[in-house]
Amino acid sequence: MEPILIVHGGAGDIKDSRVPDKIKGVKIAAKAGYKILKNGGTALDAVETAVRILEDDESMNAGRGSVLNLDGEVEMDASIMDGSTLAAGAVTIVRDIAHPISLARLVMERTPHVLLAGPGANKFAEEQGIPRLLPGSLITPFAKEALKEFKKKGGSLTEIGGKDNPGDVG
Amino acid sequence: TVGAVALDSQGHLAAATSTGGINGKMVGRSSDTSLIGSGTYADDEIGGVSTTGHGDSIIKVCMAYAILKNIENGSDPQKATQSVLDKMSAKLNNTAGAITISKTGEIGVGFSSKRMSWAYQKADTIYFGIEQEEVQSEKV
C-alpha cells in the first residue's frame, strides 16, 4: 500500500504575518513524517514524529509557542490513537514538558488508562524519565502579547488570531 | 493546535493531535484534543482524523468520530469532513477544521474557519495550503 501522511497546523483567523511560518512548519513536518513511512516505518511513529516537530515550532499553538491561560501559564493537551488496535493515549493540563504527544503515547503503551490529567500526568512523565522543563520555558513573547491583548480587548474565544487579537486557536 | 494522520505501507492508520488550547482559557480547562473521538480518532477499518478549532464545540459533536461514521456510511473523506464541520458551525456558531485519511488512502481537508494550514506529501510532490479552496504543490 502506498503510504501517506497529512498534517495540520491549526485553524482560525490566523494573522497574515503568521501565514509564511505556518506553511513552512507544516511542510517540514509532513516531509519528515512521510520519510518515516517511505522507509518502512509505522503510522504511529510517523504521526508522533510529525507532531513533535510541530510542537517544537513556536509559530504553532502546541509545545513551545502554546497560548496562555488566564494566569499566564501554558497548560497542554495531546492524544494519539493506533488504528490497528484502537489503543489510545492522552494527556490534559500537562505543564513544562517539551512533547506532550510522546507522553500521550506512553500513556497508551505503558498504562491501562486512556487519559491522564494535570499533576498526575506530570508525575507519570517524571516516572518515565521525561525531563521537566523550567517553569515558563514554553512561553513565547508572542503568546504573552496575545494574552495581554486578550485581557485588554476581551473578544471572542472562538476566532483568536486576527489583527484585533493576535492569539491563536485551540 | 497541530495534528497528523498517517497510513503506512502495512495499511495501518494512526492519528495524533497536540495543543496549547485557547488563548485566555480558564485555568484547568481541557480541550477536545485530549478526548479520543473529538480531537483524534483512528480505525484501520475506516480511517483516521485529527481536528482543530473551537474545542468546546468540537467536543459537543464528537467531531473526529462523527467524520469517520460518515465515511463508514459511504461518504468520501472530503465530503465526510466538510459536512461535519458545516453542521457544527451552523448549529454552534463556532469554527473548526479537520484532516482525514480513509483506509484506502484518500484525503479529506476541511475547515469552516478563515484559515487552516495543512500539508501532505504524495510520492515526490508536497501539497499544502492555508486559505479556503487553496491547494498548492511543489516537487520535493
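The sequence lines fix the lettering, A, B, ..., with proteins before strands; numbering per chain opens at 1.
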**Message:** Please evaluate residues A/T42 and B/H12 with respect to the criterion side chain to side chain donor-acceptor pair (under 3.5 Å), reporting the C-alpha separation (whole Å), side-chain torsions for both, the decisive distance (0.1 Å), and the verdict.
**Reply:** CA-CA 8 Å; A/T42 66; B/H12 297 313; over 6 Å; no
**Request:** Just do the side chain to side chain contact (heavy atoms under 4.5 Å, CB included) check on B/M63 and B/D32 with the steps written out, would you?
**Result:** CA-CA 9 Å; B/M63 182 176 284; B/D32 61 299; over 6 Å; no
**Item:** Evaluation steps, side chain to side chain contact (heavy atoms under 4.5 Å, CB included), between B/I99 and B/M116
**Value:** CA-CA 10 Å; B/I99 52 172; B/M116 180 182 82; 4.0 Å; yes
**Message:** Between B/L92 and B/K60, is the side chain to side chain contact (heavy atoms under 4.5 Å, CB included) condition met? List the steps.
**Reply:** CA-CA 9 Å; B/L92 299 173; B/K60 291 173 185 172; 4.0 Å; yes
**Message:** Go through it in stages, so that I can follow the logic: the residues are A/M76 and A/L138, the test is side chain to side chain contact (heavy atoms under 4.5 Å, CB included), and I'd like the CA-CA distance, side-chain angles, deciding distance and then a yes or no.
**Reply:** CA-CA 10 Å; A/M76 301 169 291; A/L138 299 170; 3.4 Å; yes
**Prompt:** Is there a salt bridge (charged side-chain N to carboxylate O under 4.0 Å, His left out) between A/D21 and A/K15 once you walk through the steps?
**Reply:** CA-CA 11 Å; A/D21 285 343; A/K15 285 180 73 180; over 6 Å; no
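With respect to B/R29 and B/D56, a salt bridge is recorded, a charged nitrogen being found less than 4.0 Å from a carboxylate O. Between A/E149 and A/K144 there is no salt bridge, since no side-chain nitrogen of the basic residue lies less than 4.0 Å from a carboxylate oxygen of the acidic one.
From A/R64, atom CZ reaches atom OG of A/S59 across 11.5 Å, with rounding to the nearest 0.5 Å. To the nearest 0.5 Å, atoms CE (A/M60) and OG1 (B/T1) are separated by 11.0 Å. Between atom CZ of residue A/F142 and atom CG of residue A/L147 there is a gap of 12.0 Å, rounded to the nearest 0.5 Å.
Of all heavy-atom pairs between B/T19 and B/S31, the closest is CG2-OG, 3.5 Å. Of all heavy-atom pairs spanning A/S66 and A/N61, the tightest one is CA-OD1, 3.4 Å. Shortest non-hydrogen contact noted between B/I22 and A/V67 is C-CG2, 3.5 Å. A/K151 and A/L70 get closest at one heavy-atom pair: NZ-O, 2.8 Å.
Contact tally against chain B (heavy-atom pairs below 4.5 Å) for A/N69, A/I23, A/L44, A/T85: the top residue is A/N69. Per-residue heavy-atom pair counts under 4.5 Å with chain A were compared for B/S30, B/G97, B/A15, and the maximum is reached by B/A15. Counting heavy-atom pairs closer than 4.5 Å to chain A, the top residue among B/I46, B/I107, B/V27, B/T100 is B/V27. Comparing A/I4, A/I93, A/L37 by how many heavy-atom pairs each has under 4.5 Å with chain B, the most go to A/I4. By number of non-hydrogen pairs under 4.5 angstrom with chain A, the leading residue of B/V5, B/D43, B/L13 is B/V5. Comparing A/E2, A/E48, A/H8 by heavy-atom pairs within less than 4.5 Å of chain B, the highest count is held by A/H8. Interface remark: of the candidates B/A98, B/G28, B/G47, B/G28 forms the most heavy-atom pairs closer than 4.5 Å to chain A. Most heavy-atom pairs under 4.5 Å with chain A, from the set B/A119, B/A123, B/A4: that is B/A119. Top candidate by heavy-atom pairs under 4.5 Å with chain B, chosen from A/L5, A/I80, A/I6, is A/I6.
Within residues 94-121 of chain A, the residues that have a heavy atom under 4.5 Å from a heavy atom of chain B are A/R95, A/P100, A/I101, A/V114, A/L115, listed by number. Within residues 67-78 of chain B, no residue has any heavy atom under 4.5 Å from a heavy atom of chain A. Contacts with chain A (heavy atom to heavy atom, under 4.5 Å) involve these residues of residues 35-42 of chain B, listed by number: B/L35, B/I36, B/T40, B/Y41, B/A42. Of residues 130-138 of chain B, those residues lying under 4.5 Å from chain A by any heavy-atom pair are B/I130, B/E138.
Checked by atom type and distance alone, the side chain of B/S112 pairs as donor or acceptor with a backbone atom of B/A96 at under 3.5 Å. Of the possible donor and acceptor atoms, none in the side chain of B/D44 sits under 3.5 Å from a partner among the backbone N and O of B/K103. Between the side chain of A/S79 and the main chain of B/T33, a donor-acceptor pair closer than 3.5 Å is present.
Checked by atom type, the side-chain pair A/E55/B/S18 shows a donor-acceptor distance below 3.5 Å. For B/S57 and B/N94, the side-chain atoms include at least one donor-acceptor pair closer than 3.5 Å.
For chain A, the nearby part of B/T51 is the backbone; its heavy atoms alone come within less than 4.5 Å. Interface remark: B/Q121 contributes backbone and side-chain atoms alike to the contact with chain A (heavy atom separation under 4.5 Å).
Put simply, B/W118 and A/V26 are part of two different groups of oily side chains (I, L, V, M, F, W, Y) that touch within less than 4.5 Å, one to the next.
B/T125 is not listed as a side-chain neighbour of B/V140, based on a closest heavy-atom distance of 4.5 Å or more.
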